[in-house]
Amino acid sequence: MKLHEYQAKEIFAKYGLPVTPGAVVKHLSEVDAALKQFPQGPWVVKAQIHAGGRGKAGGVKFAKTEQEVHEKAAAILGMTLVSPQTGPEGKLVKKIFITPAVDYVKELYVSVVLDRVNRTPIILASAEGGTEIEELAVTKPDAIFKIIVDPIEGLHSYQARQLHLRLGLPPEAINQGAKVFQTMVKVFMDLDLSMLEVNPLVVLKDGTIHCLDAKVDFEDNGLARHKDYAAWRDPDEEDARELLAAEHGLSYISLDGYVGCLVNGAGLAMATADAIQHFGGSPANFLDVGGSASQKAVTQAFKIILSDTRVKAILVNIFGGIAKCDVIAQGIIDAAKEVGLSLPLVVRLEGTNVEKGKELLAQSSLKYTFASSMDEAAKAVVAAAKGGKS
Ligand code: GDP
Ligand code: MN
């Protein structure tokens, strides 16, 4: 679960990390109140969306006067921001953050992420902040330091001090710097984050460091332990189909393609996506209806897939293990009827009671193509999606 910058900064402030407070504005009529709360300019007006790269996309603007704050707020609020992280369709800006601008002399990059190979948190840091870390990793990988964090003790004091010096920060500010790095790791571990990123972390004129931006991503499986923060989820920023699927106990993830997938089991769902890709298609989603794949789940799954207008054909790929193929076949028939399915449908069933399942499908009025193997199913659905015969 991602949070907005203003929420991440609230957490940072609670932990004593250096951030500048600001006001969240959802409507232009609230700008005056924000200025009353933070009367000292200049200001920065920042789009609050769950994606980075806002600055380059025009979502972060400097304002010298109150009049300019009003102008920049009007320009950003309601705009559709397109950055490399939003996807081509962009994101509508529904909230902005108005905050006093910070004067700084240098930009750095610091993040804490989980290293799955090491099975520890690690710090990634670079004296070259501001730019995208992905870009830096390609063009100048040596400019990024990696520090392995003790998963029980956190960042040791000597590691924090070494990092401070390696980043070329002023030695006289080493106590403040080391404390900031240790605190970032503490926030990451306390809250079960999967990512904490400050880009840029800036050096002020007095040599101390300050968090100009803040990004956190909670590990969803740890959220049950952080109910207060779980309530901060912003549904406006999340994929509507993913939210609906979660409500019905389905694991659904939106992808970029056009072949709808309805599969039981996460492994089979991934293999299905690979097979579609292998035969020249592109999956619109990952969808695991779960081991039991009840008719209700199948109906809901069809509804979610069909609400995606990019979908050109659907592949149902079910392995009947605990779930029986005949029950699932009936589920598909009923669900297709209920939702008025008109897209090409390819069905592959395998496992317990498969013959009974095939019989039910054959006797129904459902229009579909039956495939007896994964390859056949993937080929057929890709052809159907591309306008060929299903
Ligand atoms: P992002 O582009 O989504 O990562 O948004 P950031 O919060 O990192 O802001 C983008 C850029 O705007 C920063 O890299 C800075 O160059 C600039 N910026 C943001 N806030 C301030 C500020 O308070 N003062 C100054 N001088 N520049 C700022
Ligand atoms: Mn940033």
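Whatever order the structure lists them in is the order used to number ligands and atoms, beginning at 1. Note that these values count all heavy atoms, side chains included, but never hydrogens, waters or copies made by symmetry. The first residue of the sequence shown is numbered 1, and numbering continues consecutively from there.
Under a cut-off of 6.0 angstrom, the local environment of CD in E89 is crowded, with over 12 non-hydrogen atoms contributed by other residues, nucleotides or ligands. Residue I148 qualifies as open at atom CD1: its count of foreign heavy atoms under 6.0 Å is 12 or below. Atom CG of D256 has 12 or fewer heavy atoms from other residues, nucleotides or ligands within 6.0 Å. Atom CZ of R310 has more than 12 heavy atoms from other residues, nucleotides or ligands within 6.0 Å.
With hydrogens left out, the protein atom closest to atom 7 (O) of ligand 1 is K46 NZ, 2.6 Å, a heavy atom. For atom 2 (O) of ligand 1, the closest non-hydrogen atom on the protein side is G55 N, 2.8 Å. Scanning all protein heavy atoms for the shortest distance to atom 19 (C) of ligand 1 gives L212 CD2, 3.7 Å. Protein heavy atom at the shortest distance from atom 6 (P) of ligand 1 is D213 OD2, 3.5 Å. Taking atom 3 (O) of ligand 1 as the reference point, the nearest protein heavy-atom neighbour is R54 NE, 2.7 Å.
Distances below 4.0 Å separate heavy atoms of Y104 from the following atoms of ligand 1: 15 (C), 16 (O), 24 (N), 25 (C), 26 (N), 27 (N). With ligand atoms numbered from 1 in the order given, ligand 1 contributes 20 (N), 21 (C), 22 (C), 23 (O) to contacts under 4.0 Å with heavy atoms of V44. Numbered from 1 in the order shown, with element, the atoms of ligand 1 that lie under 4.0 Å from a heavy atom of V102 read 22 (C), 23 (O), 24 (N), 25 (C), 26 (N). Each of the atoms 23 (O) of ligand 1 lies under 4.0 Å from some heavy atom of A101. Contact atoms of ligand 1 toward G52: 3 (O) (distance under 4.0 Å to a heavy atom of the residue). Near E107, meaning under 4.0 Å from any of its heavy atoms, are these atoms of ligand 1: 13 (C), 14 (O), 15 (C), 16 (O). Near P200, meaning under 4.0 Å from one of its heavy atoms, ligand 1 places the atoms 8 (O), 14 (O).
For ligand 1, one of its N or O atoms has an N or O atom of N199 under 3.5 Å away. Of the N or O atoms in F62, none lie within a sub-3.5 Å distance of an N or O in ligand 1.
Residues D234 and K94 are not paired through a salt bridge, judged by the lack of any N-O separation under 4.0 Å between the basic side chain and the carboxylate. Under the 4.0 Å criterion applied to side-chain N and carboxylate O atoms, K61 and E71 are not assigned as salt-bridge partners. Between K14 and E10, none of the side-chain N atoms (NZ, or NE/NH1/NH2) sits under 4.0 Å from a carboxylate O, so this pair counts as no salt bridge.
You'll find the side chain of V263 stays beyond 4.5 Å of the side chain of F286, heavy atoms only.
The side chain of V60, and not its backbone, has at least one atom closer than 4.0 Å to an atom of ligand 1 (non-hydrogen atoms only; side chain from C-beta on). By the criterion of a heavy-atom distance under 4.0 Å, neither the backbone nor the side chain of T99 is placed next to ligand 1.
With rounding to the nearest 0.5 Å, the separation of OG1 in T369 from CZ in R348 is 15.0 Å.
Checked by atom type and distance alone, the side chain of K106 pairs as donor or acceptor with a backbone atom of A127 at under 3.5 Å.
Closest approach between the Mn ion (ligand 2) and any N/O/S atom of D213 involves OD2.
Within the 4.0 Å cut-off (strictly below), a protein heavy atom is located near atom 25 (C) of ligand 1.
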(request) Determine, stepwise, if the pair K2 / E237 fulfils salt bridge (charged side-chain N to carboxylate O under 4.0 Å, His left out). (result) CA-CA 9 Å; K2 288 185 180 138; E237 292 292 320; over 6 Å; no
